[in-house]
There are 2 protein chains.
Amino acid sequence: MSDRIRIAILGYGNLGHGVELAIRRNPDMELVAFFTRRDPAALKTLTPEVPVYSVDKATERKDDIDVLILCGGSATDLPVQSPEYAKYFNIVDSFDTHARIPEHFAAVDKSASESGKTALISAGWDPGLFSLQRLLGNCVLPDGHDYTFWGKGVSQGHSDAIRRVEGVVGGKQYTVPVAEAMERVRRGENPELTTREKHTRECFVVAAPGADKQRIEDEIKNMPNYFADYDTTVNFISAEELEREHSGMPHGGFVMRSGVTGENGETKQMIEYSLKLGSNPEFTSNVLVCCARAVYRMNAAGCTGAKTIFDVPPAYYSAESGEELRKHLL
Amino acid sequence: MSDRIRIAILGYGNLGHGVELAIRRNPDMELVAFFTRRDPAALKTLTPEVPVYSVDKATERKDDIDVLILCGGSATDLPVQSPEYAKYFNIVDSFDTHARIPEHFAAVDKSASESGKTALISAGWDPGLFSLQRLLGNCVLPDGHDYTFWGKGVSQGHSDAIRRVEGVVGGKQYTVPVAEAMERVRRGENPELTTREKHTRECFVVAAPGADKQRIEDEIKNMPNYFADYDTTVNFISAEELEREHSGMPHGGFVMRSGVTGENGETKQMIEYSLKLGSNPEFTSNVLVCCARAVYRMNAAGCTGAKTIFDVPPAYYSAESGEELRKHLL
């Protein structure tokens with residue numbers, strides 16, 4: 001047992017819950033602690049034999065933990081937590097504010113380089129697996145165009161935005177890739193696509209009794225940043241239907257690289273990667289867990305500081321030996 | 001100019017030709033030599049300013065070459081060439097006899113470890129990019145099933161087999177994935193698929209004047225290993241039609257990982273990767289060239305011996321810095 005990789009979870013929301021479940025499917029790993037900002041006694045996990053500690057006690061347990069998986073949000077949690085905990089732990093986070101990745105990387109790198117720990121940031125599927133596909137596509141087909149489409153899936157941020165509209169008591173938003181745009185890319189047309197041409201937004205909204213639905217719809221459709229640049233549809237439904245049909249967190253998307261080869265660029269080449277996810281947080285958690293294995297291995301190999309999925313030799317994600325991998329997966 | 005990576009090509013068939021073209025699209029690289037077993041004076045390349053040497057002279061030029069890309073075949077060339085040239089050069093090969101990869105790896109590793117060179121074997125798309133997707137799929141979704149489908153594309157081996165049948169003067173064979181089988185996988189059914197259920201084989205055959213077409217068709221369809229286990233169709237066409245419609249080398253395929261997450265495996269998750277290639281050798285060559293960049297970098301980092309795509313930190317495939325990659329691709 002003692003040679004299993006000892007994992008701890010900080011933050012028990014959707015992601016922490018997913019990590020808890022993912023570790024069960026990876027027999028070389030062991031969940032050894034939860035850390036929470038809530039009252040530890042009040043936190044009911046699915047794994048009651050694993051102790052729950054207050055986050056204040058985390059550093060006291062640093063010698064019992066091989067990798068700490070940070071399951072907080074990118075807006076306010078991770079910018080503070082990742083640089084802080086990289087002083088004491090190998091960490092994995094899923095920081096996903098694309099524009100702020102360089103500064104987050106720099107802050108985490110400073111901590112982890114000083115402590116001799118390994119810190120993998122921005123793990124998940126985008127950033128994460130999608131980033132890796134974009135990188136590979138760019139390297140393999142240097143003369144080409146990148147396309148990333150998201151969905152069909154629930155956007156948490158857009159769902160939150162809907163729920164902030166006055167008179168709305170519940171809502172979910174689906175980001176939907178435009179099939180015709182994807183077909184144009186697949187045909188090798190290399191179209192320049194506007195925001196509106198790539199995705200539509202589909203909203204399911206529960207209005208308060210007596211609320212002005214026309215005003216709600218207009219307000220949603222004209223909301224800057226979130227909806228104004230898209231073709232948006234608003235469907236009013238009952239609270240029961242919202243609960244019954246829209247309580248899941250499916251997501252997915254497509255990364256395409258459309259390129260040319262040949263003496264005069266006469267040969268079309270197309271790479272396409274896609275995810276169809278029944279649960280976005282459960283899938284993201286699975287990525288975090290195999291990244292934790294990679295972080296553990298990289299640290300053991302003396303490879304310290306901040307890392308991203310671009311820096312990880314893929315064999316490190318696997319519990320199998322190089323020999324086994326070459327035999328049955330190469 | 002002198003800080004460009006100096007590449008040499010050994011073997012000037014479809015692959016060597018593709019590498020020659022690929023290097024033109026990678027400005028951080030420079031093609032410095034061709035080596036051939038033919039008469040160097042008789043070899044007409046697309047880049048006449050690059051010298052052509054007899055293969056016997058290769059080792060004499062070892063100090064002028066950063067990476068040697070071996071463009072020979074897996075049956076007889078690479079098992080000899082890769083271990084031999086890894087004594088003197090960083091190398092990349094596209095060894096693709098899956099069953100013999102372990103022994104090839106061992107032989108190359110011995111040479112490269114002793115010489116302090118880096119040797120990336122089995123680069124391309126399968127083995128290669130497809131292997132990488134299989135590995136990632138297995139790690140991210142440990143509870144799941146793998147599926148690889150090939151095509152639609154020309155199989156060189158099967159085309160050669162057709163042409164060996166008596167009375168056949170020309171022929172091309174397309175491997176075609178069965179759409180219904182792929183749909184079953186995409187629906188998450190996790191089917192057990194037989195060889196026959198996964199692919200069909202489509203042959204275009206030019207018969208000699210007066211040849212017995214029925215006998216040719218029967219002989220093709222019943223050929224063990226190549227066709228007997230598949231639903232095979234044989235179309236007789238003219239030499240002109242073969243030349244006009246079937247002279248390309250398109251290929252492609254699909255790697256799928258169908259898995260589950262959640263407390264009781266109730267959540268379906270699907271990963272799909274696909275290639276649609278106008279030219280198989282040109283695409284493979286592009287992969288070899290970015291692998292050459294990675295080999296050069298790994299060797300500079302002191303990472304020597306035999307490697308596969310499983311061992312390469314993806315950032316090494318790119319000419320851009322980690323900072324640039326994080327900024328625009330992560």
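Chain letters run A, B, ... following the sequence lines, proteins first and then strands; every chain starts at 1. Just so you know, these numbers come straight off a predicted model, no measurement behind them.
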message: Between B:C290 and chain A, with a heavy-atom cut-off of 4.5 Å, which part of the residue counts as in contact: side chain, backbone, both or neither?
response: side chain
message: Test of understanding: with side-chain contact (heavy atoms from CB on, under 4.5 Å), list the residues that count as partners of B:A292, not counting sequence neighbours.
response: B:I7, B:V67, B:I69, B:V92
statement: Contacts of B:P79 meeting side-chain contact (heavy atoms from CB on, under 4.5 Å) (sequence neighbours excluded), chain-then-number -> B:F95
For [X] versus [Y], what's the shortest heavy-atom pair and its separation?
{"X": "A:I9", "Y": "A:G16", "answer": "CD1-O, 3.5 Å"}
{"X": "A:V289", "Y": "A:M29", "answer": "O-CE, 3.2 Å"}
{"X": "A:L78", "Y": "A:P83", "answer": "O-CD, 3.6 Å"}
{"X": "B:A119", "Y": "B:V108", "answer": "CB-CG1, 3.4 Å"}
{"X": "A:P142", "Y": "A:C139", "answer": "CD-O, 3.6 Å"}

field: Beyond-backbone contact of A:C71 with A:V19, side-chain heavy atoms, under 4.5 angstrom
entry: yes
- prompt: Does A:F310 reach the side chain of B:P313, with side-chain heavy atoms less than 4.5 Å apart?
  reply: no
Structural part of [X] lying under 4.5 Å from a heavy atom of chain B:
{"X": "A:I309", "answer": "both"}
{"X": "A:I101", "answer": "side chain"}
{"X": "A:L329", "answer": "both"}
{"X": "A:F283", "answer": "both"}
{"X": "A:V255", "answer": "neither"}

Largest heavy-atom contact set with chain B, pairs under 4.5 Å, which of [options]:
{"options": "A:V287, A:L135, A:V312", "value": "A:L135"}
{"options": "A:I271, A:L132, A:L136", "value": "A:I271"}
{"options": "A:L21, A:L46, A:V140", "value": "A:V140"}

Between chain B and chain A: donor-acceptor pairs at under 3.5 Å:
residue : atom : partner : partner atom : Å
B:R25   : NH1  : A:D143  : OD2          : 2.2
B:R25   : NH2  : A:G262  : O            : 2.6
B:S131  : OG   : A:L330  : O            : 2.6
B:Q133  : OE1  : A:Q133  : NE2          : 3.0
B:Q133  : NE2  : A:Q133  : OE1          : 3.0
B:R134  : NE   : A:L329  : O            : 3.0
B:R134  : NH2  : A:L329  : O            : 3.4
B:R134  : NH2  : A:L330  : O            : 3.0
B:V140  : O    : A:N286  : ND2          : 2.8
B:D143  : OD2  : A:R25   : NH1          : 2.3
B:T261  : OG1  : A:E282  : OE1          : 2.7
B:G262  : N    : A:E282  : OE1          : 3.2
B:G262  : O    : A:R25   : NH2          : 2.6
B:T267  : OG1  : A:E282  : OE1          : 2.9
B:K268  : O    : A:G278  : N            : 2.8
B:Q269  : OE1  : A:G278  : N            : 3.1
B:Q269  : NE2  : A:S279  : O            : 3.1
B:M270  : N    : A:K276  : O            : 2.9
B:M270  : O    : A:K276  : N            : 2.8
B:E272  : N    : A:S274  : O            : 2.9
B:E272  : O    : A:S274  : N            : 2.7
B:S274  : N    : A:E272  : O            : 2.7
B:S274  : O    : A:E272  : N            : 2.9
B:K276  : N    : A:M270  : O            : 2.9
B:K276  : O    : A:M270  : N            : 2.9
B:G278  : N    : A:K268  : O            : 2.8
B:G278  : N    : A:Q269  : OE1          : 3.1
B:S279  : O    : A:Q269  : NE2          : 3.2
B:E282  : OE1  : A:T261  : OG1          : 2.7
B:E282  : OE1  : A:G262  : N            : 3.2
B:E282  : OE1  : A:T267  : OG1          : 2.9
B:N286  : ND2  : A:V140  : O            : 2.8
B:F310  : O    : A:A315  : N            : 2.8
B:A315  : N    : A:F310  : O            : 2.8
B:L329  : O    : A:R134  : NE           : 3.0
B:L329  : O    : A:R134  : NH2          : 3.4
B:L330  : O    : A:S131  : OG           : 2.6
B:L330  : O    : A:R134  : NH2          : 3.0

message: side chain to side chain contact (heavy atoms under 4.5 Å, CB included), that's the test. Do B:F130 and B:L275 meet it? Break it down for me.
response: CA-CA 9 Å; B:F130 272 22; B:L275 297 175; 3.5 Å; yes
